Amino acid sequence: APLKIAISPTIEYQAATPEISRAVNKTNNQKKSLPSFCTANFDVIETIIYYCRKKKLPCLFECTSNQVNQFGGYSNYKPKQFIDKVQKLR
């Protein structure tokens, strides 16, 4: 099964999938949580994706507006470019 990823580099590009929404809701009276990873480092992102795939966990990436923004931020990625690169890693 493909890995489900939600990416939120800015509020305008915030994305969530139904699978992730279900993962954080109560299941069998057990509360679940979803960690959010705030990084624009693609070595770290690749490692997180690998771990989440291995453990069959959803993953959520967030970036500050300093990391990724309409001007490229310090990572030199605009939101769409960042999303496309992360999607290719999965």
Side-chain angles (χ1 to χ4, degrees):
L3 180 65
K4 300 295 181 189
I5 299 175
I7 306 167
S8 177
T10 65
I11 296 300
E12 296 82 35
Y13 285 85
Q14 195 168 23
T17 65
E19 292 84 359
I20 289 176
S21 295
R22 284 194 295 274
V24 297
N25 291 332
K26 287 184 180 181
T27 305
N28 298 330
N29 292 325
Q30 293 180 342
K31 291 184 180 179
K32 293 185 178 182
S33 60
L34 177 65
S36 172
F37 304 96
C38 186
T39 182
N41 180 310
F42 286 102
D43 292 331
V44 173
I45 291 171
E46 193 170 16
T47 302
I48 293 166
I49 290 172
Y50 172 81
Y51 179 83
C52 288
R53 182 182 302 280
K54 197 107 169 124
K55 298 291 185 176
K56 297 182 179 171
L57 299 169
C59 56
L60 172 65
F61 296 105
E62 296 186 83
C63 294
T64 67
S65 59
N66 290 331
Q67 293 169 317
V68 177
N69 63 33
Q70 70 272 25
F71 305 114
Y74 67 72
S75 67
N76 292 320
Y77 282 95
K78 295 180 180 177
K80 175 98 171 78
Q81 294 169 316
F82 181 82
I83 290 168
D84 291 344
K85 180 142 182 174
V86 172
Q87 293 291 354
K88 286 179 186 172
L89 291 176
R90 69 181 193 153

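Note that the coordinates shown come from a computational prediction; the quantities given were computed from them, not determined experimentally.
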*Asks:* Which residues pass the ring-ring contact (aromatic ring centres under 6.0 Å, His included) test with Phe42, sequence neighbours left out?
*Replies:* Tyr77, Phe82

*Asks:* What distance do Ile48 atom CD1 and Leu57 atom CG have between them, rounded to the nearest 0.5 Å?
*Replies:* 12.0 Å

*Asks:* Are Phe37 and Val44 connected in a single hydrophobic cluster, I mean Ile/Leu/Val/Met/Phe/Trp/Tyr linked by side-chain heavy atoms less than 4.5 Å apart?
*Replies:* yes

*Asks:* For a quick test of reading the model, state the closest non-hydrogen atom pair linking Ala40 to Gln67 and the distance between them.
*Replies:* N-NE2, 3.8 Å

*Asks:* Could you pull out the closest heavy-atom pair between Gln81 and Lys78, with the gap in Å?
*Replies:* OE1-N, 2.7 Å

*Asks:* Within this structure, what is the CZ-OH distance for the pair Arg53 and Tyr50, rounded to the nearest 0.5 Å?
*Replies:* 10.5 Å

*Asks:* Enter the distance from Phe61:CZ to Ile49:CD1 here, rounded to the nearest 0.5 Å.
*Replies:* 4.5 Å

*Asks:* What residue pairs, at least two apart or across chains, pass side-chain hydrogen bond (donor to acceptor under 3.5 Å, both in side chains) with a residue in residues 39-48?
*Replies:* none

*Asks:* If I compare all heavy atoms of Pro79 with all of Asn69, which pair ends up nearest, and what's the gap?
*Replies:* CD-O, 3.4 Å

*Asks:* Could you walk me through whether Asp84 and Lys80 pass the salt bridge (charged side-chain N to carboxylate O under 4.0 Å, His left out) check?
*Replies:* CA-CA 6 Å; Asp84 291 344; Lys80 175 98 171 78; 3.0 Å; yes

